[in-house]
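Below you'll find the structure, written out as structure tokens, and then a few comments.
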Amino acid sequence: MEQATEVEGPKTEKPQRKHNFFNFLDRRFEEVFIVVGFALFILLINFQVINRYLLPFIEVANITTWTEEMSRYLFILVSFLGASLAIRQGESIRVNVLFDKLPTRWQHAIEIANTVFMLYFSYIMIRYGFELISFQLETSQTTPAMAIPMAIPYSAVPIGFVLIAIRLIQKFLKDTKELTMQEGILGLVLSVIMVLPVAFLGDLQISLLLFGYFILFIFIGMPIAFSLGVSTIATVIATDAIPVDFFPQTAFTSIDSFPIMAVPLFIAAGVIMGGGIIIQRLLKFSDELIGFLPGGLALVAIVTSMFFAAISGSGPATVAAVGTILIPAMIKQGYHPGFSTAIVATAGSIGVIIPPSNPLVIYGVMSQESISDLFIAGIIPGIMTGIGLMGVTYFIAKKNGWKGGKSSFDLKMTLKAAWDAKLAFLVPIIILGGIYGGLMTPTEAAAVAVAYGLIIGVFVYKDLNLKSFYRQLAKAGVTSSIIILIIVMASIFGRLITLEQVAETVANFVLGISENKIVILLLLNLFLLLVGLVIEALAAIVIVTPILLPMATALGIDPVHFGIIMVFNLAIGFITPPVGVNLFVAASTAKLKIEEVIKGNNILLGTMLVMLGIVTFVPEISLWLTDFTE
């Protein structure tokens, strides 16, 4: 038997290798290109910075121009590949409030309808994307810096949507294995019913069709990015409002922007530095600094979240990094599990207020405001919010008898912990010092932060190897691609909003209620809080900024101050159901029911609302530091 096994073994090797090869293509195809592309544009941007300051004696013609152009095009390709991989992995930003309450039969039917519409949208992008490329080849269009055919970078759009379509078909085929015939027929019937307004109601107002379809798709659980795109294509087909062939071009030009690249880079920096020794050193320093006070560990969670916010720019990333270590420690020390989880979730929301902040980057891009000004405007509101949460937490802990883990403050140990955490403290200095020192743009600062995190992780702390770096870049690529796809779709959606003068209509409606600035600010806050309940922050910023900002500026509200107001409102959305991303991340970390976390979050949520009111009606809090940068 042993000899037979030895003889037959080689015969099975080739099919096994073949199987592994196709399995690799299925599971890793986009991932490999994402990681390579991500690594390349990180390298190019760092090379750009190094060449500017450290190698002035080397003369390379237009290095900043061609490195920036190449990195932008790599970023666009990575974004569309990442969107495809996100579909493969079942990751998306969507509203499941209504969808989750439906019977399983209806959920399956709706998923079929959603897939049909997303596939049709992908077909439009593929067809007209290749037509655009053909036109560019015929007219010999080239890129400004590298002088390569424009068709090459533009091909990222149709190729990306080819892969998206393949992944959608794979998902559809997988889902159909579990479907009954009734569910399949019901799904197709729903698709036809939802198309009927396009066929028979073309005379309706464009805005009515556009927002009607968008709301419908949102509440039946279609990913927000595709809800924006599909509602736009449906409206365009019904009304001929704009040419369909403009969609692929807008998909490219909307993200062909160097400032937008700060988003994936800050995400990558947070991912790389959030799971290693850097976060542990920050926790140790915070514990030595304030861990002796009543509620010491809870206070440590807030302070560490503020420190890490100055690295990651992301609320959920902050919650995941801090919560994994501190939530179990607090529960073990006798803190109420719901409160322990809630304090980490709420403190994590500061991550989008204190710079660097991904929501502020997106707002800056959408509003054409200085990202540097927005970053500096978020410093005082973020620190003030952290101090407010610490004050409330201190009194709650004192009332409940939750003592600190240490008996007293030890200056020597605190200084030692500060020295041990010095490399972590350098990250915000590099980012903010580089930006406000005029040395780097926010995108360049983010790229340098990624490189710094990599160097520290590999050569100093040695908690990062090639395999983990690969995984983290792949994760950052998928996470950022979900956001970038929303920007793409919102830009297409926004063209119709501009055409229909929706911003002016909304402004007239609100001003018809009252022209009192205080009343309007209250209404804006209420509206943004409601939006934050059901739509993820980054998606909400992309959708509502073009609508609300013109009205805010017409009332004399500074656009930078309005950006802080918007982001603060949506930060509260991180800790309010049904979306409440931070709540779900923290609850998952603590293995608690979401209801327990919400119950422990009431007072903290009230504190955030009070802080929002102060930031809203005292604009100097946001704008004071910006005066020093002018």
Side-chain angles (χ1 to χ4, degrees), residues 30 33-34 36-38 40-45 47-48 51 60-84 121-166 225 228-229 232-233 236 240-264 365-366 368 441 443-444 480-481 484-496 498-499:
E30 296 102 331
F33 285 101
I34 288 167
V36 172
F38 218 129
L40 278 174
F41 71 69
I42 290 170
L43 185 65
L44 284 169
I45 297 171
F47 181 51
Q48 180 174 304
N51 182 76
V60 182
N62 296 322
I63 182 171
T64 300
T65 307
W66 72 259
T67 52
E68 181 176 314
E69 185 176 88
M70 183 177 287
S71 61
R72 288 201 326 267
Y73 295 155
L74 284 170
F75 156 69
I76 293 168
L77 177 61
V78 164
S79 297
F80 285 110
L81 292 177
S84 171
F121 182 87
S122 300
Y123 160 74
I124 292 293
M125 299 299 283
I126 294 165
R127 174 185 169 183
Y128 290 102
F130 281 119
E131 284 187 9
L132 177 61
I133 289 171
S134 297
F135 172 76
Q136 288 169 335
L137 289 172
E138 289 170 6
T139 54
S140 302
Q141 296 182 32
T142 58
T143 63
M146 296 184 291
I148 61 174
M150 279 299 301
I152 294 176
Y154 263 92
S155 64
V157 177
I159 289 173
F161 274 95
V162 165
L163 292 171
I164 287 171
I166 290 171
L228 290 161
T232 307
I233 195 70
V236 167
D240 291 323
I242 51 177
V244 179
D245 58 6
F246 106 97
F247 280 49
Q249 185 171 355
T250 302
F252 184 90
T253 56
S254 62
I255 57 173
D256 183 18
S257 164
F258 197 64
I260 290 179
M261 291 178 64
V263 173
V365 171
M366 298 304 298
Q368 299 298 304
T441 66
T443 300
E444 289 173 339
S480 61
S481 295
I484 300 303
L485 190 63
I486 290 174
I487 295 174
V488 167
M489 301 298 197
S491 299
I492 295 170
F493 185 86
R495 182 65 66 92
L496 287 185
T498 304
L499 185 69

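The structure displayed is predicted, hence computed values, not measured ones.
Taking Phe246 as the reference, Ile242, Thr250, Ile492, Arg495 meet the side chain to side chain contact (heavy atoms under 4.5 Å, CB included) condition, with sequence neighbours excluded. Under the ring-ring contact (aromatic ring centres under 6.0 Å, His included) criterion, Phe75 pairs with no residue at all, not counting sequence neighbours. Under the side chain to side chain contact (heavy atoms under 4.5 Å, CB included) criterion, Leu43 pairs with no residue at all, not counting sequence neighbours. Residues passing the salt bridge (Lys or Arg N to Asp or Glu O under 4.0 Å) test with Asp256 are Arg72, sequence neighbours excluded. Residues satisfying the side chain to side chain donor-acceptor pair (under 3.5 Å) test with Ser79, not counting sequence neighbours, are none. Under the side chain to side chain contact (heavy atoms under 4.5 Å, CB included) criterion, Val244 pairs with Ile124, Tyr128, Ile233, Val236, not counting sequence neighbours. Not counting sequence neighbours, the partners of Phe33 by the ring-ring contact (aromatic ring centres under 6.0 Å, His included) test are Phe29. Applying the side chain to side chain contact (heavy atoms under 4.5 Å, CB included) criterion to Val78, with sequence neighbours excluded, gives Ile34, Phe38, Phe41.
Proximity of Val162 to Phe130: side-chain heavy atoms (C-beta onward) are separated by under 4.5 Å at one or more points. Contact check for Leu132 versus Phe252: no side-chain heavy atoms found under the 4.5 Å cut-off. Ile484 is listed as a side-chain neighbour of Ile260, based on a closest heavy-atom distance under 4.5 Å.
One finds the CD1 atom of Ile255 at 8.5 Å from the CG atom of Leu485 (value rounded to the nearest 0.5 Å). We find the CD-CD1 distance between Glu131 and Ile126 to be 12.5 Å, quoted to the nearest 0.5 Å. Residue Thr441 holds its OG1 atom at 7.5 Å from CD of Glu68, rounded to the nearest 0.5 Å. Once rounded to the nearest 0.5 Å, the distance linking CG of Leu40 with CD1 of Ile45 reads 11.0 Å. In this structure, Met70 CE and Phe47 CZ are separated by 11.5 Å, a value rounded to the nearest 0.5 Å. Rounded to the nearest 0.5 Å, atoms CD (Glu30) and CG (Leu81) are 6.5 Å apart.
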Quiz: residues 137-161 side-chain donor-acceptor pairs under 3.5 angstrom, not counting sequence neighbours:
residue: Thr139; atom: OG1; partner: Phe135; partner atom: O; Å: 2.8
residue: Thr139; atom: OG1; partner: Gln136; partner atom: O; Å: 3.4
residue: Thr139; atom: OG1; partner: Gln141; partner atom: NE2; Å: 3.1
residue: Thr143; atom: OG1; partner: Glu69; partner atom: OE1; Å: 3.1
residue: Thr143; atom: OG1; partner: Ala147; partner atom: N; Å: 3.1
residue: Thr143; atom: OG1; partner: Ile148; partner atom: N; Å: 3.2
residue: Ser155; atom: OG; partner: Ile152; partner atom: O; Å: 2.5

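Of all the heavy atoms in Ser491 and Ser254, the pair that sits closest is OG-CB, 3.1 Å. Closest heavy-atom contact between Ser122 and Ile164: OG-CG2, 3.8 Å.
For the salt bridge (Lys or Arg N to Asp or Glu O under 4.0 Å) condition, no pair includes a residue of residues 141-152, sequence neighbours left out.
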